[in-house]
Structure formats: C-alpha cells, structure tokens
Amino acid sequence: MAIKCPSCGGHMAFNVPNQALKCGHCDTDMQIDEYDLSNVAEEDKDTYTVTVYKCPNCGAELSAPDDQTVAYCSYCGGESNLTMKQEEAIKPARIIPFKISKEKAVKTYEDALKPYIYVPKELKEGKHLDSFRGIYIPYLSYEVDIPENTLELKATKDYTVDKWDYHEEYDIEAEIGGTIKGISFDASSSFDDSIAREIAPFNVADQEDFKEAYIAGFYSDKLTTPPETYGDTVEKIAIDTVYSSIAERAEGVEVMAPREYSEKKRQTGVDGYRHRVDLFPVWFLTWKKKGRVAYSVMNGQTGKLSMDIPVDKKAFFRVSAIATAVLFVILSLIPMFILPKTISWITAIFLMISSIAFSSEISKIYYRENHIYDLGNVNVKKEMQDKEKKKATSRGRKRGILGKLFGLIIFVIAAFFVITKIPNRSENITIVVVYAITLLIQIMLFIKTTGRVAKIEKKTAFIPMLIGIIVLAIGLFIGIKNPVYDYWYYGTAILCLLGMLANMISMINYLNYLTTRPVPDFFRREGAYHGK
C-alpha cells in the first residue's frame, strides 16, 4: 500500500516518533486523522488494496511500494527480484501502532549483544543492523462471556505467625459475571509461538481502530491460523481467571476448584468465545548462513527482545584457551595435593554433567523442529502435539517413582561391587560407585538422545554420547581392577576430559543449529516497505 504525499506526490510512511505520516522526500507531516478525513470512502470499506510481491526463495508474499523491484524478505533473509500483483485484503479490527522506532530497536539490540563475547562479528555489522524490518503480526483476540451466577466454594489458607503454623478453611460465596477480554494469540503459522511468548505481552490499552495509514511503510503478515486452534486454551484461561480472581478477592486464599475440567466449565458457565483479528507490531532482524536463518525479534510496542544468538567457535576456543592458561597459573601457585583416583572420579562427574547439558539441548531442538508447543502452526498434526504433551505430563508424574527406582538400582550395584568385586574396598569404593552411577546415567541419556535425534535433521549427537559410554566403562573397569600405578587413573581422567571436549564441540555445533531455523516455505505476507 502506497500513500502519496499531498505536497510532492512522494511516498509517505508512518513515522514512529511523531505517530504521524511523513513524506520520505519533502518531510511533509500528515496526522492520521487528516489522512482518514480525505479517504472517508476507503475507510468505510471492509477491505483495502495492497500491492503483493512474492519471494521466489521461500514462497513468502511480501508487500512493498509500487516502484520497488527488489525487496528484503524478513523470513528467509534473501533479496530477489519479486513478481507483483494487486490484491484485496480484509481489514483487521484493531491495531497497536509501532511505539519503538527503528533507531531505538537497533540501539536496544546492540546493547543486548554486549554481554555476549562469542557472537559472530557479522551480527554486529552495520549492514546487518540496517536489515531490521517492521512487521505487523496478526493476532487473534478473544473475549469470553461469564454468565452472572453465584458460586459456593471451599477454600483454605496456610500461614505462619511467630513459629506457629496455621491452617484455615473457609466457605466462600462468590458472585461472578462479565466478560474476560485481552486473551490474544499470534495467528500467523510462520511466526513461532515460542517467539511470540518471549516478546509478550502487548498492552491492548494502546490499541486503535485499524486505519490503513498506520501500516504505511511496514510489512503486514496474513492470518493463517484458524480461530478454533486456540479455542480450548482460551476457555481454560477464562475458567482459571475466574477462580484466581475469586482467590484474589478473598485475600489470597487457595480456592478448592473442581478437579475435572468439564465440572469447572459447567460451574463457571463458560461456553464458547468471540474473536477478532488485530495487528500487533514486531521488529524483525534476520541472519542467514548455510541455508538456515536466525531471528532477533522485538516487541514493537514495549521493546522486549528475543534473540537467536549463534556462537563463533574460533572466539569461544580462543577465550577458553586464555582462561585455561590463567587458571593453570593460579592453581600451580596454590600448594595442594589431590589423589589420582579423586581426579579420575571428579572428571567422570564433569563428563556426566556435560552429557546432561548436551541431552537437554537436543530435546530443545526436537521440540522446536517438530513444533510441539507451536499450536498456531497449521502444518503440524495436532495428534503429535497432544501425544508429546501427554508424555511430558506423564514424565513429571513418574519422576518421583523413577527417582526411587534409580536410587535402588544404584544401591544394588554399589553393594554388589563392594561385596564381590572390589579389592582394597575401603580405598576404592568411591571411584567404582561414581563410575557406575555416571555410566548408568550416560546410558540412559544415550537412549533418550538417540530417540530425539532420529526425529531431527542433524543426526550426529549419538557420537559424543557413545564416546561418553565407552570412556566411563573404561573408568569403571579400571576402578574394579584397582591397578597400582597412578598413570591408569590419570589416563581415565584425560579420557573423561576428551569426552567433555567432544560434548563441548557438539554442543556448540548443535547450539548454532538450535539458534538457526530452516528457511520457511509455507507462509504468505502482505503490507508495504519497511519503515523507520
């Protein structure tokens, strides 16, 4: 959509600091209301005309000024010759205009990068920073009616006064009724829900009735998520809000709500919702490397920032080498003596910790690549999302039982070695038990990680996990044999350190993989050229 300047005929764009239209050629200002008064006929229409450009790299549809033949795609990070077409788009109901200017977005991003010492230098360069693009993301805004009713509930309150613990029980009679507003979810399948959560919330108090002038100079995404996608979640949020509001009004008591969701729904009277489409402002910065992209995304109203920050391996190992040298000098000046066996089992523990961190990283990649918690992605089967969520809930419930079983297994293993296998038991029990525990944990992590890796694109994670199993098995064998010479224990310590190094290198590779995403190829866009 291009708005012509009344003075020179140039393109006008929404100027964030002035909250008005500004001409890019003659600096003429025009208030939003002035533009609307001269376009009453357009304002009364349910649709408006946009100029749409299609990106051949990822299939995105971009909107830009009429005279722009090359545009920057904020999702795939590419510049290409675009094909143009005119299209009628349905008007959103409400809009939150940009409150953060491009200059302020760049400054906030630069300040946020300062603590990161391993950032690739390309992310800090001026050319990259100029690629910030303003995009209006469509959000589904829901309202839920709560019928007027009187609820009779029970509640409890626990507190301590002067070393005395108090437990109080109450009967509550609460009047409910009204409308719960402000429940919003992003409605673009290309905009990951995890990013939306990180830059939330938006303050709906700043909303204005939608006017075309607000999006002049910005991109605007299309609605691609059906409203029923979030329907169940919206009703649950509304129901929980009812009970939490009652607890708050009753001075912080814990309300005993029904356990079954169906009973909660019946009791509160929640049945259905209304929705509308609003536009919320977001600043996008895209970095592309080796066929993948990293996003830095900022809330265009509040300035809240979410960043995908890859690691520069050269910088990491350079800084690590310097830190290691300094630490070595400091420790060499401190008089101390540590037994070789102690060094061996301590390094085994560190190897296990690094494996746990690595496995956790693989799980994050698995959840993100399969969009398990991205409810708005219409390309993902809901059955898979529900299945994985149930698994996560089940794991939480079983954690206590598994912990006890795990402790019992470790006790049996340790007792077995103490009774039958270990020579010089009083001296060697620690190293054997530690290696037995770490080996068992490493095997469990290997099984879990292998299952996750099978469902992501990058599949080399099993290699460092397997190395860890081999190293810890060697350490356990040496601990059981209890050789006389210290170099055996120094050797296992070195092997553990090498295993940690393998985990570290893989973690960096997978971290860079985690902080980048496949080039998208399933969404559409509309709007205009980027604004300042």
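Hydrogens, waters and symmetry mates play no part in the numbers below; they use all other heavy atoms, side chains included.
- Other residues, nucleotides and ligands contribute more than 12 heavy atoms inside 6.0 Å of the NZ atom of K304.
- Here CG of L351 is found 10.0 Å from CG of L495. Values are rounded to the nearest 0.5 Å.
- A salt bridge between E235 and K265 is present, with a side-chain N of the basic residue lying under 4.0 Å from a carboxylate O of the acidic one.
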Inset, instruction - Apply side-chain contact (heavy atoms from CB on, under 4.5 Å) to the pair I100 and M298, showing each step before the final yes or no. - result: CA-CA 9 Å; I100 304 295; M298 181 183 295; 4.1 Å; yes

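- Using a 4.5 Å heavy-atom threshold, the side chains of M465 and T450 count as separate.
- Residues W287 and V293 fail the side-chain proximity criterion, which asks for heavy atoms closer than 4.5 Å.
- Taking OG of S354 as the reference point, atom CE of M500 lies at 5.5 Å (rounded to 0.5 Å).
- Between E263 and R266 there is a salt bridge, with a side-chain nitrogen of the basic residue lying less than 4.0 Å from a carboxylate oxygen of the acidic one.
- With salt bridges taken as basic N to acidic carboxylate O contacts below 4.0 Å, one links D130 and K102.
- The cationic atom of K236 (NZ for Lys, CZ for Arg) lies less than 6.0 Å from the six-membered ring centre of Y261 and within 45° of the ring axis.
- Applying the 6.0 Å contact sphere to OH of Y159 captures more than 12 heavy atoms from other residues, nucleotides or ligands.
- Summarising the geometry of Y273 relative to P227, their closest heavy-atom pair is OH-O, 3.8 Å, with the distance given to 0.1 Å.
- When only modelled atom types and interatomic distance are considered, T156 and E169 share no side-chain donor-acceptor pair under 3.5 Å.
- When side chains are defined from C-beta on, S141 does not count as touching I183, because their heavy atoms never get closer than 4.5 Å.
- Every residue meeting the side chain to side chain donor-acceptor pair (under 3.5 Å) condition with D111, not counting sequence neighbours, appears here in chain and number order: K107, K114.
- When all heavy atoms are compared, the tightest approach of T438 to L472 is O-CD1, 3.5 Å.
- To the nearest 0.5 Å, atom CD1 of residue I456 and atom CD1 of residue I365 are 5.0 Å apart.
- Side-chain atoms of S363 and K448, non-hydrogen and from C-beta on, do get closer than 4.5 Å to each other.
- Within the 4.5 Å cutoff, no side-chain heavy atoms of F280 are placed close to those of Q301.
- Taken to the nearest 0.5 Å, the CD1 atom of I441 stands 7.5 Å off from the CE atom of M444.
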Inset, instruction - Would you check, one step at a time, whether the test side-chain contact (heavy atoms from CB on, under 4.5 Å) holds for W283 with L285? - result: CA-CA 7 Å; W283 283 107; L285 182 62; over 6 Å; no

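- The ring pair (Phe, Tyr, Trp, His ring centres under 6.0 Å) search around Y109 returns F132, not counting sequence neighbours.
- In plain terms, the two heavy atoms of V453 and A461 that are nearest each other are CG2-CB, 3.4 Å.
- No hydrogens or angles considered: nothing links the side chains of K313 and N512 as a donor-acceptor pair under 3.5 Å.
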Legend entry - Test log, rule side chain to side chain donor-acceptor pair (under 3.5 Å), inputs Y243 and Q267: CA-CA 11 Å; Y243 290 110; Q267 191 176 66; 2.4 Å; yes

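- Closest of all the heavy-atom pairs between L129 and K124 is CD1-O, 4.0 Å.
- In terms of modelled atom types and a separation under 3.5 Å, the side chain of T347 and the main chain of I343 share a donor-acceptor contact.
- Contact of the Y435 side chain with the S344 side chain is registered, since non-hydrogen atoms from C-beta on lie closer than 4.5 Å.
- A donor atom on one side chain and an acceptor atom on the other are not found under 3.5 Å apart for Y116 and D312.
- Between I505 and F317 the shortest side-chain heavy-atom distance falls below 4.5 Å.
- Between atom OG1 of residue T225 and atom OH of residue Y230 there is a gap of 5.0 Å, rounded to the nearest 0.5 Å.
- Side chains of F358 and S506 form a contact here, defined as non-hydrogen atoms less than 4.5 Å apart.
- Relative orientation of the Y485 and Y487 rings is parallel, given thresholds of 30° and 60° on the angle between their planes.
- In the displayed structure, E260 atom CD is contacted under 6.0 Å by at most 12 heavy atoms of other residues, nucleotides or ligands.
- For the pair N299 (side chain) and P201 (backbone), a donor-acceptor distance under 3.5 Å is present.
- Here E110 contributes atom CD and L123 contributes atom CG; the two are 12.0 Å apart, rounded to the nearest 0.5 Å.
- Heavy atoms only, all atoms of each residue included: V297 and Y295 are closest at CG2-CB, 3.9 Å.
- Heavy atoms from other residues, nucleotides or ligands lying under 6.0 Å from CD of E248 number 12 at most.
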Legend entry - CA sep, side-chain torsions, deciding dist, call: Y166, T160, side-chain contact (heavy atoms from CB on, under 4.5 Å): CA-CA 6 Å; Y166 293 88; T160 302; over 6 Å; no

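- Contact record, M352 with L445: O-CD1, 4.5 Å, taken as the closest heavy-atom pair.
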Legend entry - Pair F462-I447, side-chain contact (heavy atoms from CB on, under 4.5 Å): steps then yes or no: CA-CA 9 Å; F462 76 94; I447 295 172; over 6 Å; no

